[in-house]
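All remarks here apply to the structure that follows.
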Amino acid sequence: MQEFIEAAEAAAEAAGAIIRPLFRSQLLVDSKGDASPVTEADREAELAIRALLAARFPGHGIWGEEYGPERADADYLWVLDPIDGTRAFVTGRPLFGTLIGLLHRGRPVLGMIDQPVTGERWLGLDGQPTRFRAPLGGTPRCRPCPTLGDAELSCTSPDMFEPADRPGFERLRSAARRVTWGGDCYAYGLLALGLVDVVCEATMKPWDWAAIVPVVEGAGGRVTGWDGKPLTLASDGRVLAVGDAAMLAEAVALLGG
């Protein structure tokens, strides 16, 4: 895995060098079909990551949010989101990150959440403890929280839920101790630090969750679909992350009604 780790680290550095000078600057913002903002930082950062990974691993596939899939059927597939939390980025809030994930035959084996402005970086590896470095402090370990009544729940936005998803989420939300909004990938990093207990979201794409799975699970948590099953490239986009596996059954039951 060492060569994969080094590549992910180098890719995050290359993306960060592009993103940092543009943070809180005047950017031209386009609109995608789904109305999420896209900036020059997104596009240039993904191109930099793609170029680096293609040079190091020409046989690997790459699938990024901005430029789509190349060799998506390869055994090793890098899954990228150059700026996860673009709305936070364009409004000057540091609740975003660069996501770099590596799947081996569809299973996440490496994941990195990099916050290029605050200097925080989470690295998850299949079967190994999550690594974390930051000037702000923090220990990569989910905290015990077996019941939802004691849980801090986080979600990026209530607008991400389709009408059919809302009743399940409202049941989960009502059972939790408290809810915070607006985290994007940063909320999963906080879950891996034991500061958040549950993250529940929907309409998630592979580039939104591929890097998150090894980070959270390497810190002792679980990431599944709303049905409690492992995420795959064919999953429906509904994602549930819990810091304490003892809470998973309760959360799945509430989401499923």
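- Across all non-hydrogen atoms, the minimal contact from Ala15 to Ile49 is CB-CD1, 3.9 Å.
- Of the charged side-chain nitrogens involved, at least one lies within less than 4.0 Å of a carboxylate oxygen, so that Arg133 and Glu9 count as a salt-bridged pair.
- Of the residues listed (Thr130, Val215, Leu110), the one engaging Leu123 in a side chain to side chain contact (heavy atoms under 4.5 Å, CB included) is Leu110, and it is the only one.
- A donor-acceptor contact shorter than 3.5 Å links the side chain of Ser235 to the backbone of Thr232.
- Evaluation of the ring pair (Phe, Tyr, Trp, His ring centres under 6.0 Å) rule for Tyr186 yields Trp122 as partners, not counting sequence neighbours.
- Within the structure, ring-ring contact (aromatic ring centres under 6.0 Å, His included) contacts touching residues 237-257 (residues at least two apart or in different chains) do not occur.
- Tracing side-chain contacts under 4.5 Å through hydrophobic residues (I, L, V, M, F, W, Y), one reaches Leu240 starting from Trp181; they form part of the same cluster.
- Applying the salt bridge (charged side-chain N to carboxylate O under 4.0 Å, His left out) rule to pairs touching residues 222-231 yields nothing, sequence neighbours excluded.
- To the nearest 0.5 angstrom, Leu80 atom CG is 11.5 Å from Trp63 atom CH2.
- Applying the salt bridge (charged side-chain N to carboxylate O under 4.0 Å, His left out) test to pairs two or more places apart or on separate chains, those with a residue in residues 92-105 are Asp75-Arg105.
- Scanning for side-chain contact (heavy atoms from CB on, under 4.5 Å) contacts around Arg107 gives Val109, Asp126, with sequence neighbours left out.
- By the 6.0 Å contact criterion, CZ on Arg141 is open, its count of non-hydrogen atoms from other residues, nucleotides or ligands being 12 or less.
- When every heavy atom of Ala241 is checked against every heavy atom of Val223, the shortest pair comes out as CB-CG2, 4.1 Å.
- Note: the hydrophobic cluster containing Phe169 also contains Leu231 (ILVMFWY, side chain heavy atoms under 4.5 Å, direct or indirect links).
- For Arg238, the salt bridge (Lys or Arg N to Asp or Glu O under 4.0 Å) partners two or more places apart in sequence, or in a different chain, are Asp165, Asp236.
- In this structure the side chain of Leu190 never reaches within 4.5 angstrom of the side chain of Ser154, judged on heavy atoms.
- Nearest heavy atoms, Pro21 versus Ile18: CD-O, 3.4 Å.
- Remark: side-chain polar atoms of Gln115 are paired, donor with acceptor, to backbone N or O of Phe96 under 3.5 angstrom.
- In this structure, Asp208 and Ile212 approach most closely via the heavy-atom pair O-CD1, 2.9 Å.
- With sequence neighbours left out, Phe57 forms a ring pair (Phe, Tyr, Trp, His ring centres under 6.0 Å) with Phe4, His60, Trp78.
- The side-chain contact (heavy atoms from CB on, under 4.5 Å) search around Ala211 returns Leu99, not counting sequence neighbours.
- Met112 and Val216 are not part of a single hydrophobic cluster, where members link through side-chain heavy atoms under 4.5 Å apart.
- A distance of 7.5 Å separates CD of Glu40 from CZ of Arg43, quoted to the nearest 0.5 Å.
- Atom CD1 of Ile83 is separated from atom CD of Glu44 by 10.0 Å, given to the nearest 0.5 angstrom.
- Residues satisfying the side-chain contact (heavy atoms from CB on, under 4.5 Å) criterion with Glu70, sequence neighbours excluded, are Arg50.
- Leu77 has its side chain within reach of Leu233: a pair of non-hydrogen atoms, C-beta onward, lies under 4.5 Å apart.
- From Glu3, atom CD reaches atom CZ of Arg56 across 9.5 Å, with rounding to the nearest 0.5 Å.
- A distance of 5.5 Å separates CZ in Phe89 from CG in Leu22, rounded to the nearest 0.5 Å.
- The minimum heavy-atom distance linking Pro82 with Glu66 is given by the pair CG-CG, 4.0 Å.
- For Arg177, the CZ atom is loosely surrounded, since the number of other residues' heavy atoms within 6.0 Å does not exceed 12.
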Under the side chain to side chain contact (heavy atoms under 4.5 Å, CB included) criterion, do Asp81 and Lys205 qualify, and how do the steps go? CA-CA 10 Å; Asp81 192 345; Lys205 306 298 184 184; over 6 Å; no

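- Within the structure, every pair that satisfies the side-chain hydrogen bond (donor to acceptor under 3.5 Å, both in side chains) test and touches residues 10-22, not counting sequence neighbours, is listed here: Glu13-Arg121.
- For residues 195-204, the pairs satisfying side-chain hydrogen bond (donor to acceptor under 3.5 Å, both in side chains) are Arg143-Asp197, Thr156-Glu201, Tyr188-Glu201, with sequence neighbours left out.
- For the pair Cys155/Phe161, a side-chain contact is recorded, criterion being any heavy-atom separation below 4.5 Å from C-beta on.
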Asp184 vs Leu95, test: side chain to side chain contact (heavy atoms under 4.5 Å, CB included). Steps then yes/no. CA-CA 7 Å; Asp184 292 288; Leu95 300 178; 5.6 Å; no

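- When the side chains of ILVMFWY residues are joined at heavy-atom separations under 4.5 Å, either directly or via intervening members, Val79 and Leu52 end up in two distinct hydrophobic clusters.
- Interatomic distance, OG1 of Thr98 versus CD1 of Ile19, reported as 3.5 Å (0.5 Å rounding).
- Minimum interatomic distance between Gly16 and Pro116 (heavy atoms only, all atoms of both residues): CA-CB, 3.8 Å.
- The shortest side-chain heavy-atom distance between Leu193 and Phe132 falls under the 4.5 Å cut-off.
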What side-chain donor-acceptor pairs closer than 3.5 Å can you find for residues 246-253, not counting sequence neighbours?
| from | atom 1 | to | atom 2 | distance (Å) |
| --- | --- | --- | --- | --- |
| Glu250 | OE1 | Leu148 | N | 3.2 |

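- Residue Leu172 is grouped with residue Leu191 when hydrophobic side chains (ILVMFWY) are merged at heavy-atom distances under 4.5 angstrom, including chains of intermediate members.
- Glu46 contributes a side-chain N or O that, together with a main-chain N or O of Tyr67, makes up a donor-acceptor pair within less than 3.5 Å.
- Considering only heavy atoms from C-beta on, Ile100 stays 4.5 Å or farther from Asp114 through its side chain.
- Between Cys200 and Met160, the closest side-chain pair of non-hydrogen atoms is not below 4.5 Å.
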